[in-house]
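A quick note: this is a predicted structure, and the numbers were derived from the prediction, not measured.
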Amino acid sequence: MAQILNFANVDLYYERVYALKNVSLTVNEGETVALIGANGAGKSSILRAITGLRKIKSGEIHYDGRRIDGASPAELVRQGIAMVPEGRHVFPYMTVKDNLLMGAFTRSDKAGIARSIVAINRDERVSVLLVEQNSRMALRISHRAYALATGSIALSGASADLLKDDRVKSLYLGGDL
(Lines give C-alpha, C1' and ligand atoms only; values in the text may rest on other atoms or scores of the structure.)
Protein backbone atom coordinates (compact mmCIF):
# COMPACT_ATOMS: atom_id res chain seq x y z
CA MET A 1 0.00 0.00 0.00
CA ALA A 2 1.40 3.42 -0.94
CA GLN A 3 1.94 6.01 1.76
CA ILE A 4 -0.13 9.13 1.21
CA LEU A 5 1.19 10.90 4.34
CA ASN A 6 4.50 10.34 6.10
CA PHE A 7 5.18 12.37 9.23
CA ALA A 8 8.77 11.41 10.14
CA ASN A 9 10.61 12.21 13.40
CA VAL A 10 8.94 15.60 13.77
CA ASP A 11 9.74 18.04 16.56
CA LEU A 12 7.60 21.14 16.96
CA TYR A 13 8.00 23.82 19.60
CA TYR A 14 5.93 26.73 20.82
CA GLU A 15 8.69 29.10 21.86
CA ARG A 16 10.79 26.94 24.22
CA VAL A 17 8.17 24.32 25.06
CA TYR A 18 7.92 21.26 22.86
CA ALA A 19 4.52 20.28 21.53
CA LEU A 20 5.76 17.30 19.49
CA LYS A 21 8.88 15.28 20.20
CA ASN A 22 10.15 12.82 17.58
CA VAL A 23 6.65 12.02 16.30
CA SER A 24 6.27 9.66 13.34
CA LEU A 25 3.06 8.46 11.74
CA THR A 26 1.84 7.33 8.35
CA VAL A 27 -1.44 7.24 6.48
CA ASN A 28 -1.58 4.78 3.62
CA GLU A 29 -3.61 5.28 0.50
CA GLY A 30 -7.28 4.44 1.05
CA GLU A 31 -7.20 4.02 4.83
CA THR A 32 -8.63 5.88 7.79
CA VAL A 33 -6.14 6.46 10.60
CA ALA A 34 -7.31 7.74 13.98
CA LEU A 35 -5.26 10.06 16.13
CA ILE A 36 -6.41 10.01 19.74
CA GLY A 37 -5.11 11.61 22.93
CA ALA A 38 -6.05 13.83 25.83
CA ASN A 39 -6.29 17.59 25.52
CA GLY A 40 -2.80 19.02 25.12
CA ALA A 41 -1.31 15.73 23.87
CA GLY A 42 -0.30 17.21 20.49
CA LYS A 43 -3.17 16.32 18.14
CA SER A 44 -3.76 19.89 16.98
CA SER A 45 -0.03 20.51 16.66
CA ILE A 46 0.22 17.58 14.22
CA LEU A 47 -2.62 19.04 12.15
CA ARG A 48 -1.05 22.51 12.22
CA ALA A 49 2.26 21.07 11.02
CA ILE A 50 0.63 19.07 8.20
CA THR A 51 -1.41 22.03 6.99
CA GLY A 52 1.50 24.48 7.14
CA LEU A 53 0.02 26.56 9.93
CA ARG A 54 2.99 25.80 12.19
CA LYS A 55 6.61 25.27 11.12
CA ILE A 56 8.40 22.21 12.43
CA LYS A 57 11.81 22.42 14.09
CA SER A 58 13.09 19.11 12.73
CA GLY A 59 11.92 16.03 10.88
CA GLU A 60 10.09 15.77 7.58
CA ILE A 61 6.53 15.68 6.32
CA HIS A 62 5.78 14.03 2.96
CA TYR A 63 2.45 13.97 1.16
CA ASP A 64 1.96 11.75 -1.87
CA GLY A 65 5.72 11.31 -2.20
CA ARG A 66 6.53 15.05 -2.04
CA ARG A 67 8.14 16.82 0.90
CA ILE A 68 5.71 19.45 2.15
CA ASP A 69 7.12 20.82 5.41
CA GLY A 70 7.88 24.46 4.77
CA ALA A 71 5.12 24.86 2.15
CA SER A 72 2.50 27.55 2.69
CA PRO A 73 -1.06 26.62 3.67
CA ALA A 74 -2.29 27.85 0.27
CA GLU A 75 0.17 25.58 -1.56
CA LEU A 76 -0.93 22.63 0.58
CA VAL A 77 -4.61 23.19 -0.18
CA ARG A 78 -3.77 23.15 -3.89
CA GLN A 79 -2.07 19.78 -3.33
CA GLY A 80 -5.24 18.35 -1.80
CA ILE A 81 -4.53 18.71 1.92
CA ALA A 82 -7.52 19.99 3.83
CA MET A 83 -8.51 20.20 7.47
CA VAL A 84 -12.12 20.40 8.57
CA PRO A 85 -12.22 22.19 11.93
CA GLU A 86 -14.89 21.57 14.50
CA GLY A 87 -16.19 23.70 17.30
CA ARG A 88 -16.85 27.41 17.47
CA HIS A 89 -14.35 28.35 14.80
CA VAL A 90 -15.35 30.02 11.56
CA PHE A 91 -13.81 29.81 8.11
CA PRO A 92 -12.11 33.23 7.94
CA TYR A 93 -12.10 33.59 4.15
CA MET A 94 -15.79 32.80 3.74
CA THR A 95 -18.64 35.27 4.03
CA VAL A 96 -20.81 35.28 7.14
CA LYS A 97 -23.62 33.76 5.07
CA ASP A 98 -21.39 30.93 3.82
CA ASN A 99 -20.19 30.22 7.37
CA LEU A 100 -23.80 29.98 8.52
CA LEU A 101 -24.67 27.69 5.63
CA MET A 102 -21.74 25.44 6.58
CA GLY A 103 -23.22 25.29 10.09
CA ALA A 104 -26.47 24.04 8.59
CA PHE A 105 -24.69 20.81 7.71
CA THR A 106 -24.08 19.97 11.37
CA ARG A 107 -25.63 16.63 12.23
CA SER A 108 -27.51 16.06 15.46
CA ASP A 109 -27.30 12.26 15.39
CA LYS A 110 -24.05 11.00 16.89
CA ALA A 111 -23.50 8.20 14.36
CA GLY A 112 -24.09 10.50 11.29
CA ILE A 113 -20.56 12.05 11.39
CA ALA A 114 -18.99 8.53 11.76
CA ARG A 115 -21.10 7.12 8.87
CA SER A 116 -20.07 10.05 6.68
CA ILE A 117 -16.38 9.42 7.31
CA VAL A 118 -16.73 5.72 6.56
CA ALA A 119 -18.64 6.52 3.36
CA ILE A 120 -16.11 9.10 2.19
CA ASN A 121 -13.26 6.67 2.80
CA ARG A 122 -15.01 3.67 1.26
CA ASP A 123 -16.94 5.22 -1.63
CA GLU A 124 -14.69 8.13 -2.60
CA ARG A 125 -11.44 6.34 -1.67
CA VAL A 126 -10.29 9.35 0.30
CA SER A 127 -7.55 8.73 2.85
CA VAL A 128 -8.50 10.17 6.24
CA LEU A 129 -6.48 11.22 9.27
CA LEU A 130 -9.24 11.38 11.88
CA VAL A 131 -8.55 13.46 14.98
CA GLU A 132 -11.49 12.90 17.25
CA GLN A 133 -12.33 13.45 20.92
CA ASN A 134 -14.61 10.41 20.87
CA SER A 135 -11.83 7.81 20.98
CA ARG A 136 -14.20 4.84 21.04
CA MET A 137 -15.93 5.94 17.83
CA ALA A 138 -12.61 6.83 16.17
CA LEU A 139 -11.17 3.40 16.93
CA ARG A 140 -14.31 1.65 15.70
CA ILE A 141 -14.29 3.29 12.26
CA SER A 142 -10.56 3.50 11.55
CA HIS A 143 -8.11 0.92 10.25
CA ARG A 144 -5.15 1.96 12.37
CA ALA A 145 -4.59 4.42 15.19
CA TYR A 146 -1.98 6.38 17.09
CA ALA A 147 -2.43 7.38 20.74
CA LEU A 148 -0.58 10.52 21.79
CA ALA A 149 0.63 11.42 25.27
CA THR A 150 2.43 14.71 25.99
CA GLY A 151 3.69 15.26 22.45
CA SER A 152 4.83 11.72 21.68
CA ILE A 153 3.31 8.56 20.25
CA ALA A 154 2.46 6.38 23.27
CA LEU A 155 0.80 3.50 21.38
CA SER A 156 0.02 2.59 17.80
CA GLY A 157 -1.43 -0.33 15.91
CA ALA A 158 -4.56 -1.79 14.40
CA SER A 159 -7.59 0.07 15.72
CA ALA A 160 -9.40 -3.16 16.61
CA ASP A 161 -6.42 -4.18 18.76
CA LEU A 162 -6.17 -0.80 20.48
CA LEU A 163 -9.90 -0.88 21.23
CA LYS A 164 -9.23 -4.01 23.35
CA ASP A 165 -5.95 -2.80 24.89
CA ASP A 166 -6.28 -2.21 28.66
CA ARG A 167 -3.96 0.82 28.53
CA VAL A 168 -6.14 2.47 25.89
CA LYS A 169 -9.30 1.56 27.79
CA SER A 170 -8.10 3.23 30.97
CA LEU A 171 -6.48 6.29 29.36
CA TYR A 172 -8.83 7.14 26.51
CA LEU A 173 -12.02 5.11 26.76
CA GLY A 174 -13.00 5.59 30.38
CA GLY A 175 -12.59 2.04 31.64
CA ASP A 176 -14.27 -1.18 30.60
CA LEU A 177 -16.22 -1.26 27.38
Within 6.0 angstrom of Q3 CD, more than 12 heavy atoms from elsewhere |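 Yes, enclosed.
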Answer yes or no: are there more than 12 heavy-atom neighbours, outside K57 itself, under 6.0 Å from its atom NZ?
->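 No, the 6.0 Å shell around NZ holds no more than 12 heavy atoms from other groups.
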Determine, step by step, whether L25 and I46 satisfy the side-chain contact (heavy atoms from CB on, under 4.5 Å) criterion, reporting the C-alpha distance in whole Å, the side-chain angles of both residues, the deciding distance to 0.1 Å, and the verdict.
-> CA-CA 10 Å; L25 62 86; I46 288 174; 4.0 Å; yes
Qualifying residues under side chain to side chain donor-acceptor pair (under 3.5 Å), relative to [X], sequence neighbours excluded:
X	answer
D161	none
R144	T26, E31, Y146
S159	S142

Report the distance from atom [atom1] of [X] to atom [atom2] of [Y], rounding to the nearest 0.5 Å.
X	Y	atom1	atom2	result
N6	I4	CG	CD1	11.5 Å
L130	M137	CG	CE	5.5 Å
L20	N9	CG	CG	12.0 Å
L35	S44	CG	OG	9.0 Å

Determine yes or no for a side-chain-to-main-chain donor-acceptor pair under 3.5 angstrom, with [X] supplying the side chain and [Y] the backbone.
X	Y	answer
H143	T32	yes
K43	G37	yes
T150	A41	no

Can you list the residues that meet the side chain to side chain contact (heavy atoms under 4.5 Å, CB included) rule with A19, with sequence neighbours excluded?
->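 Listed in chain order: L12, Y14, S45.
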Check whether Y13 and L148 end up in the same hydrophobic cluster, where Ile, Leu, Val, Met, Phe, Trp and Tyr are linked by side-chain heavy atoms less than 4.5 Å apart.
->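 No, it is not one cluster - the side chains of Y13 and L148 are not joined through contacts under 4.5 Å.
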Among the clusters formed by ILVMFWY side chains lying less than 4.5 Å apart, do L47 and L5 turn up in the same one?
->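 Same cluster: L47 reaches L5 through Ile, Leu, Val, Met, Phe, Trp or Tyr contacts under 4.5 Å.
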Salt bridge (Lys or Arg N to Asp or Glu O under 4.0 Å) contacts touching residues 9-18 (sequence neighbours left out) =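 Listed once each, the pairs would be none.
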side-chain contact (heavy atoms from CB on, under 4.5 Å) between F7 and I153, intermediate numbers included = CA-CA 12 Å; F7 199 83; I153 302 293; over 6 Å; no
Which side-chain N or O atoms in residues 68-82 pair as donor and acceptor under 3.5 Å with protein atoms at least two apart or in another chain?
| from | atom 1 | to | atom 2 | distance (Å) |
| --- | --- | --- | --- | --- |
| D69 | OD1 | I61 | N | 2.8 |
| D69 | OD1 | R67 | NE | 2.9 |
| D69 | OD2 | R67 | NE | 3.2 |
| D69 | OD2 | R67 | NH2 | 3.0 |
| S72 | OG | E75 | N | 3.1 |
| S72 | OG | E75 | OE2 | 3.1 |
| E75 | OE2 | S72 | N | 3.1 |
| Q79 | OE1 | R66 | NE | 3.3 |
| Q79 | OE1 | R66 | NH2 | 3.2 |

Measure the shortest side-chain to side-chain distance between I36 and L162 over non-hydrogen atoms and say whether it is less than 4.5 angstrom.
->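 Side-chain contact under 4.5 Å: no.
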Applying side-chain contact (heavy atoms from CB on, under 4.5 Å), run through L129 and I50 and close with a yes or a no.
-> CA-CA 11 Å; L129 177 60; I50 292 168; 3.7 Å; yes
